[in-house]
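The structure appears below as structure tokens.
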Amino acid sequence: MESLLVLLALVALAIPLTIVLLLVSQVRLRRRVVRLEADILSLKQGTKTEPEPATEPEPKAQAIPTKAPPVWPTADQPETEQPIPLQSPQEALVFSSDRFALLQEWLQENWFYVVSALSLALAGIFLVQYGVENGLLPPSARVVAALLFGAALIVSGEVIRRRYGDGVDSASAYLPSVFSGAGLVTLFGGVLAARQLYGLIGPEFALVAMIGVASVGLVLGWFHGPLLAAVGLTGAFASPFLVGGSSDDPTWLYGYFLTITVLGLGIDTVRRWAWISVLTLVGGYSSCLLLVLSEPMTEPGYLTCITAFALITITIPVRRIWPDHTGPMVSEMTRRQSGEAWPEFPTRLAFGAVAVSSAILALHWPDSAGEFWLSLTLLAGLAFAMIVWTSGARALQDISVFPIVGLVWLVFLQGWDRGKVAQRFAETYAETPEADFPFVVTLLVALSAALSVAAAWRSMQQGRYGVVWAAGAVITAPILAIALEIAWRPAEVLGAYFWGLHAMALGALMVVFAERYARVDGEQRIRPALATLSALSCLAFACVIVLSSGALTIALVVTVVAAAALDRRFNLPQLSWFIWAGVFTVTVRLILNPGLYWANTVPVGEMTLVYGAATLGYVLAWGLIRGLNRPVAILLLESAAWATAGILLSLLLLRWLEGFGQGGMEDSHWGLGLMAVIWLLLAAAQIRRFDLGGPLNYVRYGLAAFFAAHALFRLAQALTEANPVLFVHSDPVLGPALMNTLAIAYLLPAGVLAMSALRIEQMPVWLRQGCFGLAGALAAYWLGASIRHFWQGPGGMYVGAGVSQPELYTYTLALLIAGAALFYQSLARRSDLLRKVGLAVIGLAVAKVFLIDIAGLGGLIRVFSLLALGLALAGLAWLNRWAKLRQSPQGAEPLDH
């Protein structure tokens, strides 16, 4: 039985060799036939043709460049290349649909080469596994047999290449790559089996042996076609999973995968096939992922290996220790113009590798504190490398953002999900109050500051994107500090004061940046302005940590005033961004958090101080920049000052009325009216800013609609459920006639609507008319409610108490006076709309007299009501005729005309 198995194995190994021999014989026979046909043709024509040599001349070995590397093909290169993607070493292969179609066509024509390579590679791998159960051969003999078989395949491939050639016009095309590629896979499999299956060698010797095999493959790849590289790389990455076996610590396999990745990139750095580099990286990342999924204990080696992938992807394709990638960046393609060049292939390759490695480091969840610090160290090292090491590579500037963002995300996620390090930090003083001071947060802040310093150094270099680097320098450290504040809550452990000192230290660093930029830039103030913005933000952040709610709001207002003063002193237009952010933040604090509820519960003095300081600060900042060309900031401060002043007066009035002990902000007609005033002022402030234009106008539209809807809702509550006329149990009216809470609830919102419509010139016509209409309706209702309060008093406001005759007569007089006033204004302003409204009011008064007053009034009051109506209508008729005579160029027409 054992002899039969040996015989079957030999037969399986002989089949591929037999196929190759048959192919070589067929090539020789074909050449002889061609030569004979040429001789016959020459004899027919009476001429004799010199016979072709029996063998093709040996191709010259391709020289390996030692100076400037060949130019990588670019993505915008015209599609004038060979259609088969495995032929031209200088072709820029892009993974597009047409390229895959070409690859499919090639595989349909040459699939037997792929199957042959696969068969030979599997034969070599299974050779080392043969007889494991039966023990036919000792382990050392199996490994030696595999190595000899692999070497024989490589030698066979080289003999065919040198004797018959490997060009696409040769019948032996791809055969050298098939044999040599399968031989490389067999050699890798033999070394892996010696280590994993049989333990014949240690991991150090295994790595040295694999480096040697990779060196052989590197040299072969420079002379063979891409098929060898594809077969060799695919088989090499798959070998550890095909060989199998077990190991107490398979971490050394990451070194193996790194070696294979270097091999693939090293081959492609000379031949410039491009797609081989992509295949190499895909195989490397995928193999490492499969290994770490099967062996989670190897995570440190996994993280280190994928970081090394990013670094070698930057260096090997350009063959430079210090990268010098030129051309456009990948991010610049977002605004690429037609005809401009695309980034070179090494740039795109480095961009993808750094992005993938940074994402893996940031998203990989560390199971222990050691893994967290390892991931943090690798991300920080990658970030510093991208900032400092690639400073000579103009095309790699944008990839620095990936490790920096990954670092911030790793720190945030550690605190948000309570990882080992964050949990240990939070429990520092839980059991031992005398525990040592935890330096974790301080170390993280210092690391972010170091990154900011590196980015600031990079911004000092002469370059087009110095401002962008300056922005990164002033953003990196504050962003990480904010991430710590949100996820780690350092103030709960360190105390607000010590944690606030970290923010102040970052602010001091930003001041240093501003001073250095100001020395270098001269009149160019963008970078100093950015650093100043960051310093002010750090100061505000420190205030958030240390101060109470009221003090924090005042401190933020002070920073807005400071920004305006710095802008006036040093001419820094970019500080308008901080003013905008400051106004928005202070408004949110005044209205939402801690907001109006806080303003209604704290002492009146504290509330007045906060809202008064905000109003005064806005006015002061507006005055500082009024003479500068800052239209956005000026308009923001002006509208915010008006709105905040109105809100302050409304809150003071609200607190004064609440002092009487009857009603409050949410359940009285005057409280709801004052709330409506506040929201109307906020809506008017947003409408006032419509002139600023830009994409943010859509946000302003939404905010104005939200504020106005909230105001209308409060007004509806004041007119319905809190209305003392409709509900007997509603809060009573406070104050004397005409000067009471009815004016606060209804007349004050009407005045705000009318003043806003008159003051805001850019308000749409339909909105202005709506404001005037609603203001008129509220004023009319206030007048009616005030008349009832005058005659009935606070206790008789409910409509169920009935209507007295003097009250009914007063309504008629009020309608007539209002209608007459509107009618006069329509004639004076020549407004057809006012004339129609006035006539409607007068018509309402007439209808009331004839339908209500005649039945409801008695005695002299009825007489006076009709008399007043008649005199008023006669007077309005005279007024109408008088106005027409003054305005018309013709005389009055007779009655019988």
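Start at 1 with the first residue, then count along the sequence.
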Checking side-chain contact (heavy atoms from CB on, under 4.5 Å) for the pair L530/W577: CA distance, chi angles, key distance, verdict?
CA-CA 10 Å; L530 292 175; W577 305 341; 3.8 Å; yes
Apply side chain to side chain donor-acceptor pair (under 3.5 Å) to the pair W499 and E485, showing each step before the final yes or no.
CA-CA 9 Å; W499 175 230; E485 169 65 19; 2.7 Å; yes
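- Rounded to the nearest 0.5 Å, atoms CH2 (W670) and CG (L672) are 9.5 Å apart.
- Interatomic distance, L682 CG to T644 OG1, rounded to the nearest 0.5 Å: 8.0 Å.
- Side-chain contact check for R714 versus I678: every heavy-atom pair is 4.5 Å or farther apart.
- Here Y497 contributes atom OH and I545 contributes atom CD1; the two are 13.0 Å apart, rounded to the nearest 0.5 Å.
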Can you list the steps and then say if S730 with H669 is a side chain to side chain donor-acceptor pair (under 3.5 Å)?
CA-CA 8 Å; S730 61; H669 58 278; 5.9 Å; no
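- F578 contributes atom CZ, which lies 10.0 Å from atom OG of S534 (distance to the nearest 0.5 angstrom).
- Here the side chains of L719 and L778 are in contact, with some heavy-atom distance below 4.5 Å.
- Residues meeting the salt bridge (charged side-chain N to carboxylate O under 4.0 Å, His left out) test with R589, sequence neighbours left out: none.
- Here the side chains of W642 and Y618 are not in contact, with every heavy-atom distance at 4.5 Å or above.
- Below 30°, between 30° and 60°, or above 60°: for F412 and W416 the angle between ring planes is below 30°, a parallel geometry.
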What's the verdict on side-chain contact (heavy atoms from CB on, under 4.5 Å) for L596 and I591, showing C-alpha distance, side-chain angles and the deciding distance?
CA-CA 5 Å; L596 299 174; I591 304 302; 4.2 Å; yes
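- In F790, the CZ atom is not crowded: 12 or fewer heavy atoms of neighbouring residues, nucleotides or ligands sit closer than 6.0 Å.
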side-chain contact (heavy atoms from CB on, under 4.5 Å), that's the test. Do M797 and L742 meet it? Break it down for me.
CA-CA 11 Å; M797 291 295 296; L742 292 173; 4.0 Å; yes
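- No more than 12 heavy atoms of other residues, nucleotides or ligands shown are found within 6.0 angstrom of CZ on F584.
- A donor-acceptor pair under 3.5 Å is absent between the side-chain atoms of R689 and the main chain of N697, judged by distance alone.
- Annotation: R568, atom CZ; neighbour count of heavy atoms from other residues, nucleotides and ligands within 6.0 Å does not exceed 12.
- Here the closest non-hydrogen pair linking A563 and I579 is CB-CG1, 4.0 Å.
- N740 places no side-chain N or O within 3.5 Å of a backbone atom of L734 that could act as its donor or acceptor partner.
- In this structure, the separation between CG on L758 and CE on M763 is 9.0 Å, given to the nearest 0.5 Å.
- The shortest distance between side-chain heavy atoms of T585 and V560 does not fall below 4.5 Å.
- When atom types are taken as modelled, the side chain of R700 and the backbone of Q686 share no donor-acceptor pair closer than 3.5 angstrom.
- Looking only at side-chain heavy atoms (C-beta outward), C771 and S756 stay at 4.5 Å or farther from each other.
- In terms of heavy-atom proximity, A496 sits nearest to V546 at O-CG2, 3.7 Å.
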Mind running side-chain contact (heavy atoms from CB on, under 4.5 Å) on L590 and V610 for me, showing each step along the way?
CA-CA 9 Å; L590 294 178; V610 171; 4.0 Å; yes
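- With a 4.5 Å cut-off on side-chain heavy atoms, L774 and L712 count as touching.
- The aromatic rings of H710 and F706 lie tilted to each other, with the angle between the two planes from 30° to 60°.
- Sorted by first and then second residue, the ring-ring contact (aromatic ring centres under 6.0 Å, His included) pairs involving residues 718-777 (not counting sequence neighbours) are Y746-Y781.
- Between the side chain of T741 and the backbone N or O of I744, no donor-acceptor pair lies under 3.5 Å.
- Of the candidates I647, L657, V604, L674, L652 forms a side chain to side chain contact (heavy atoms under 4.5 Å, CB included) with just one, namely V604.
- Looking only at distances, no side-chain donor or acceptor of R489 sits under 3.5 Å from a matching main-chain atom of G415.
- Between L637 and R626 there is no side-chain heavy-atom pair separated by less than 4.5 Å.
- Heavy-atom minimum distance, P749 versus L680: O-CD1, 4.1 Å.
- Closest approach of A645 and T615 over heavy atoms only: N-OG1, 3.5 Å.
- Using a 4.0 Å cut-off between charged side-chain N and carboxylate O, E638 and R759 make a salt bridge.
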Where do E658 and N600 land on the side chain to side chain donor-acceptor pair (under 3.5 Å) test, with the steps shown first?
CA-CA 10 Å; E658 286 181 339; N600 198 44; 3.3 Å; yes
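- Between A633 and I625, the closest heavy-atom pair is CB-CD1, 3.5 Å.
- Remark: side-chain polar atoms of N593 are not paired, donor with acceptor, to backbone N or O of G595 under 3.5 angstrom.
- Shown here for G617 and V557, the closest heavy-atom pair between the two residues is CA-CG1, 3.7 Å.
- One distance of note links CG of L681 with CG of L648; it measures 11.5 Å at 0.5 Å rounding.
- Residues W598 and S549 meet the side-chain proximity criterion, which asks for heavy atoms closer than 4.5 Å.
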